[in-house]
Amino acid sequence: MYGDFFGVRDVSDVENKLKHTRYEYGALEEALANGNIQHYFGSITKEEFINLIY
């Protein structure tokens, strides 16, 4: 069951995309380029998500 956030998908997908990714803004953007953050965290943009972790 997912329910940890407001999204409908398992956040481990995002975790796996970020594993071994350099801690640089551009590298984070690239790692998350093909994903839809809203599916995992609700109504937050990809840029807002990156700003939270960077």
Side-chain angles (χ1 to χ4, degrees):
M1 177 153 214
Y2 302 124
D4 291 333
F5 299 98
F6 297 105
V8 294
R9 297 223 175 125
D10 189 347
V11 296
S12 66
D13 296 339
V14 176
E15 292 171 354
N16 289 330
K17 287 182 180 193
L18 295 176
K19 281 184 184 176
H20 309 294
T21 299
R22 291 180 318 278
Y23 188 66
E24 298 172 359
Y25 195 91
L28 296 170
E29 280 183 314
E30 187 177 323
L32 298 171
N34 295 325
N36 186 338
I37 291 298
Q38 286 83 17
H39 289 166
Y40 302 96
F41 301 107
S43 62
I44 184 173
T45 67
K46 192 175 308 179
E47 292 77 18
E48 290 170 329
F49 177 73
I50 294 171
N51 286 329
L52 286 172
I53 62 174
Y54 186 75

Point to revise | 4.5 Å side-chain heavy-atom contact, Phe41 and Val14 | key: yes
Show me, pair by pair, the donor-acceptor contacts under 3.5 angstrom made by side chains of residues 46-54, not counting sequence neighbours?
from	atom 1	to	atom 2	distance (Å)
Lys46	NZ	Leu32	O	2.9
Lys46	NZ	Ala33	O	3.2
Lys46	NZ	Gly35	O	3.1
Glu48	OE1	Thr45	N	2.8
Glu48	OE1	Thr45	OG1	3.3
Asn51	ND2	Glu47	O	3.2

Check your understanding: Can you name the closest pair of heavy atoms from Ser43 and Gln38 and give their distance?
Key -> CA-CG, 4.4 Å
**Study point:** Any residue meeting side chain to side chain donor-acceptor pair (under 3.5 Å) with Glu15, in chain and number order, not counting sequence neighbours
**Key:** none
Revision key, fill the gap. Rounded to the nearest 0.5 Å, the CZ atom of Arg22 sits from the CG atom of Leu28 at a distance of 9.0 Å
Point to revise | Distance-minimising heavy-atom pair for Ala31 and Thr21 | key: CB-OG1, 3.8 Å
